[in-house]
Amino acid sequence: MPDAPRPVTMDKIVSLCKRRGFVFPGSEIYGGLANAWDYGPMGVELKRNVKEAWWRDVVRRREDVVGLEAAIMMNPAVWEASGHLAGFTDPLVECRACHHRFRADHVESSTCPDCGGELGDARQFNLMLKTFLGPVEDTASAVYMRPETAQGMFVNFLNVQTATRKKLPFGIAQIGKSFRNEITPGNFIFRTREFEQMEMEFFVQPGEDDEWHDYWIRERLDWYVRHGVREENLRLRPHDADELSHYSKATTDIEYLFPWGWAEMEGIANRTDFDLRQHSQHSGARLSYFDNDTNEHVTPYVIEPASGVDRAALAFLVDAYDEEEVGGEAAGAGAGETRVVLRLHPRIAPVQAAVLPLSRNARLTPLARDLFAGLVDDGRWRVEYDDAQSIGRRYRRFDEVGAPLCITVDFQSLDDNQVTIRDRDTLLQERVGIPDLSSALADRLG
Ligand code: GAP
């Protein structure tokens with residue numbers, strides 16, 4: 001039997017994100033700013049969880065990777081050396097009639113997709129955003145907003161290696177904002193001009209680079225699966241030679257099946273020794289590694305898993321989105337109604353457990369508040385308290401933000417010192433003694 005079509009569409013995701021406080025249009029009360037988005041209370045938690053999950057697995061749990069946080073604005077010489085000033089461009093065409101601009105490789109003919117006018121010749125357009133430091137707007141004070149976090153790791157290679165005495169292979173990781181003056185941003189938070197990256201430069205002995213490239217492709221693909229993304233919605237796509245970045249010997253993208261089709265979520269590149277060599281030449285610093293075994297200086301090769309926080313967050317949301325026709329008290333829906341639920345992995349979900357007294361009541365409230373305070377103090381979980389509206393509406397709200405568990409405090413709780421744990425996915429409800437609640441949560445949330 002063929003699989004049922006996925007219920008998710010971008011319209012549904014955008015609307016859920018606004019309704020439940022994940023993502024709002026940027027500067028909305030002023031009419032917005034094209035393709036700028038603000039993360040609301042749920043979105044900011046979701047993003048933090050994505051970053052924490054990445055940092056935990058790529059940095060904290062490994063002895064061979066350390067962290068870094070470099071400045072967004074760097075000496076302009078960095079971008080000269082890295083090749084971004086000359087080569088970080090997209091081909092741009094402009095309509096002679098309406099003057100709208102498009103990426104040449106995104107339009108299929110020589111006519112304007114907006115007005116049908118004639119498109120001019122393609123020219124290269126640099127994607128770096130420029131600004132000025134200090135009170136004078138002249139070339140001497142021009143700086144660029146970094147288009148990738150990676151260069152922070154390359155220019156600090158010696159600092160980090162000297163400070164940590166790390167031996168090859170080792171990596172330097174960073175999470176932070178990057179900026180690109182994209183010609184055609186779009187698809188919600190998929191392609192924006194301001195976005196956040198999670199990147200790691202893994203320095204290896206030349207000759208061991210192909211093996212490490214394969215290792216990181218597998219490891220990164222596996223990371224998404226471990227965090228709940230369905231395998232059938234993920235694929236690897238090696239780049240053709242003519243689409244490789246100027247620094248890359250080989251790149252494989254991890255693509256996700258978004259509602260509009262397959263698209264890049266992360267790229268894992270073999271950057272060779274390109275960046276360290278370029279910075280050595282341009283800065284005069286010797287960015288190499290002294291190998292005590294061979295008594296030789298080597299310029300390491302670099303394997304770079306580079307992913308986008310916003311894209312990963314979107315993929316998690318899209319993959320988790322589900323609708324089902326269910327009825328009954330546990331579903332918080334009437335018979336035949338549709339329940340919208342985000343089946344997010346507990347590590348990614350913005351809220352992990354919601355404490356819900358059955359109603360606002362002089363006897364229930366103190367017990368529920370006490371229980372909530374205990375879970376907050378415990379510090380292991382992201383918990384929310386909610387006593388507004390009917391229990392059914394509250395279940396629906398927490399399903400829509402992907403909370404794996406709801407803990408209901410009812411009148412029976414006052415007598416038997418037990419609460420009900422409702423499972424988001426199975427809708428099963430189980431009575432658990434309040435003294436056992438922490439271990440019950442640990443079992444279910446990991
Ligand atoms: N340092 C290598 C590098 O930046 P990239 O493939 O251009 O490589 C890496 O970017 C990741 O950053 C992408 O896979 C994507 O997840 C994210 N990314 C790039 N441009 C983006 C944009 N305009 N909006 C949102 N995310 C973006």
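Numbering of ligands and ligand atoms starts at 1, following listing order. The structure presented is a predicted model; accordingly, all values stated were derived computationally and were not measured.
A donor atom on one side chain and an acceptor atom on the other are found under 3.5 Å apart for Ser178 and Gln197. At a cut-off of 3.5 Å, with distance as the only test, a side-chain donor of Ser288 or His297 sits close to an acceptor on the other residue. Side-chain N/O atoms of Tyr39 and Asp310 include a donor and acceptor closer than 3.5 Å.
Heavy atoms of Arg271 approach ligand 1 to within less than 4.0 angstrom. Contact between Thr192 and ligand 1 is present, with at least one heavy atom of the residue lying under 4.0 Å from the ligand.
Protein heavy atom at the shortest distance from atom 11 (C) of ligand 1 is Ala306 O, 3.7 Å. The shortest contact between atom 10 (O) of ligand 1 and any protein heavy atom is with Gln197 NE2, 3.4 Å.
Comparing Phe195, Tyr247, Phe88 by heavy-atom distance to atom 26 (N) of ligand 1, the nearest is Phe195.
Heavy-atom contacts of Glu304 reach the following atoms of ligand 1: 1 (N), 2 (C) (cutoff under 4.0 Å). In the vicinity of Glu266, heavy-atom distances shorter than 4.0 Å reach the ligand 1 atoms 14 (O). In the vicinity of Met265, heavy-atom distances shorter than 4.0 Å reach the ligand 1 atoms 14 (O), 15 (C), 16 (O). The contact set between ligand 1 and Glu199, taken as ligand atoms under 4.0 Å from a residue heavy atom, comprises 1 (N), 2 (C), 3 (C), 4 (O). Listed by number with element, the atoms of ligand 1 under 4.0 angstrom from any heavy atom of Glu148 are 1 (N), 2 (C), 3 (C), 4 (O).
Of the heavy atoms in His239, none comes closer than 4.0 Å to ligand 1. With a 4.0 Å heavy-atom cut-off, ligand 1 is reached by the backbone of Ser307 but not by any atom from C-beta on.
Each of Arg393, Arg424, Arg422 was scored for a salt bridge (charged side-chain N to carboxylate O under 4.0 Å, His left out) with Asp399, with one residue passing: Arg422.
Note: no N/O pair closer than 3.5 Å links Pro147 and ligand 1 by distance alone.
Remark: Pro76 pairs with Val143, Tyr144 by the side chain to side chain contact (heavy atoms under 4.5 Å, CB included) rule, at least two apart or across chains.
A donor-acceptor contact shorter than 3.5 Å is absent between the side chain of Arg347 and the backbone of Ala53. Under a 3.5 Å cut-off, the side chain of Arg180 and the backbone N or O of Pro147 do form a donor-acceptor pair.
Applying the side-chain hydrogen bond (donor to acceptor under 3.5 Å, both in side chains) rule to pairs touching residues 113-128 yields Thr89-Gln124, His100-Asp114, sequence neighbours excluded.
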